[in-house]
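Reminder, nothing fancy here: chain letters follow the sequence lines and each chain counts from 1.
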2 protein chains.
Amino acid sequence: MRTVDPARHQARRRHIIDAAAGLFAAKGFERTTTAEICKAAGMSAGNLFHYFPSKRAVFHAVFEGDEHDGAARAERFAAARAADDPWRALLDTVDLLAAPAAEPLVPALVMEAMIQAHRDPELEALLSRDNDEERSTLTALLRSAAAAGQIDPALDPDDTAAWVMALIAALYTSAATDPAFSPADQLPTLRLIVHRFLRPDAHRPPER
Amino acid sequence: MRTVDPARHQARRRHIIDAAAGLFAAKGFERTTTAEICKAAGMSAGNLFHYFPSKRAVFHAVFEGDEHDGAARAERFAAARAADDPWRALLDTVDLLAAPAAEPLVPALVMEAMIQAHRDPELEALLSRDNDEERSTLTALLRSAAAAGQIDPALDPDDTAAWVMALIAALYTSAATDPAFSPADQLPTLRLIVHRFLRPDAHRPPER
DNA sequence: GTCTATAGGAGGATAGAC
DNA sequence: GTCTATCCTCCTATAGAC
């Protein structure tokens with residue numbers, strides 16, 4: 001055994017990541033000091049840098065899900081593209097993408113990531129991998145739904161996919177900036193807006 | 001004359017603010033150093049701190065319009081509330097709030113301000129003054145438009161005003177994060193979404 | 001009013017003992 | 001693997017000459 005128990009090593013990393021995530025969400029990347037992360041994780045600076053080469057590496061790790069997550073995610077997107085009812089699949093995908101907004105730290109972390117991505121090409125690449133996957137899935141579903149006569153055929157699939165993602169992002173940014181905004185309570189309204197945007201002829205709220 | 005030519009003093013401040021705004025937009029508040037601001041403004045550190053007490057004060061000044069701006073703004077909101085046609089006034093207000101998104105630096109600055117407002121009560125107060133004014137104007141217009149039978153009466157005015165602001169904010173965040181997103185080109189789509197959201201029975205795009 | 005020079009302090013990262 | 005102690009860089013803000 002080279003480095004005694006890689007599972008323990010992983011658990012230790014995860015412990016640090018969880019401690020750091022709360023701080024990054026509350027204070028942002030630059031205003032969070034490594035000393036604070038150490039304190040929150042209950043360890044010394046020397047030890048922290050044994051697990052991560054830099055503060056930025058800790059930040060990146062917050063946004064790199066496990067491989068398990070990544071696989072499950074890819075599978076769900078593939079299933080959505082292959083679904084019989086594209087409109088239903090599209091609504092499910094919107095729900096899937098919007099759901100994490102209800103978790104306490106996620107909206108603030110997402111905003112911080114959007115800001116940092118500008119100035120950090122490595123993070124940019126990390127995030128845009130997921131982003132491109134989401135966008136292309138939505139575009140495919142919009143095309144299928146249009147072909148099936150389920151949505152307004154006048155909408156451009158690429159622009160519309162970008163807007164659907166922007167509407168979902170609005171849930172995150174509102175949650176992060178407005179304390180009175182409850183993502184869980186507002187999710188039905190997001191669905192309503194998407195529904196009316198894409199299917200202006202069906203006035204009633206979504207049937208689900 | 002106490003301090004020789006207050007107009008010159010104002011102009012000098014404005015020069016610094018303009019130089020700093022570009023840096024804050026590109027790099028964010030914490031990663032912009034005062035040395036960089038000095039270089040961009042073509043002056044020494046000692047001189048910079050003659051005009052502003054701290055880096056943070058420069059940042060705040062970026063978001064404090066002139067009194068002239070503030071007055072013109074308040075006037076436009078008052079006019080909107082008093083308008084004969086609330087629906088038309090509402091669309092005009094959306095345009096008014098969305099228009100700055102097309103200016104080059106504004107979306108990035110707005111995002112940076114949203115992030116900083118969390119941790120800076122003074123900035124928070126500064127921004128929420130404007131924010132509350134916008135939201136209450138929209139709420140009033142939504143009530144009037146509902147009373148006039150111009151929009152879906154089932155929509156709660158407070159929640160809906162928050163969502164209209166979130167949709168406008170989405171224009172800013174998309175512009176700041178997605179290089180392919182042109183706010184000027186996408187403004188009609190924003191109007192379309194607002195239109196369909198609020199008036200699901202009138203399918204056609206806004207008549208203006 | 002504007003400059004040069006520097007004080008003063010914080011924070012990221014490392015060295016080396018245990 | 002984990003700690004303590006510390007280095008070194010960089011940044012805000014000020015002092016004081018001109």
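Within the structure, the ring pair (Phe, Tyr, Trp, His ring centres under 6.0 Å) test picks out the following pairs touching residues 31-52 of chain B (sequence neighbours left out): B/His9-B/Tyr51. Residue pairs satisfying the side chain to side chain donor-acceptor pair (under 3.5 Å) criterion with at least one member in residues 97-106 of chain A, sequence neighbours excluded, are absent.
Not a single ring-ring contact (aromatic ring centres under 6.0 Å, His included) links B/Phe77 to another residue, sequence neighbours left out. In terms of the ring-ring contact (aromatic ring centres under 6.0 Å, His included) criterion, residue partners of B/Phe181 (sequence neighbours excluded) are, by chain and number, A/Trp163.
Separating the NZ atom of A/Lys27 from the C1' atom of C/dG11 is a distance of 12 Å, rounded to the nearest angstrom. Atom P of nucleotide C/dG1 and atom CZ of B/Arg13 are separated by 13 Å, given to the nearest angstrom.
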Side-chain donor-acceptor pairs under 3.5 Å in residues 14-27 of chain A, sequence neighbours left out?
residue : atom : partner : partner atom : Å
A/Arg14 : NH2  : A/Asp66 : OD1          : 3.3
A/His15 : NE2  : A/Ala41 : O            : 2.9
A/Lys27 : NZ   : A/Glu36 : OE1          : 3.3
A/Lys27 : NZ   : A/Glu36 : OE2          : 2.6

Strictly under 4.0 angstrom, non-hydrogen atoms only: write out the protein contact profile of nucleotides 2-18 of chain D, one letter per nucleotide from the 5' end, B, S or -. SBB------SSBB----

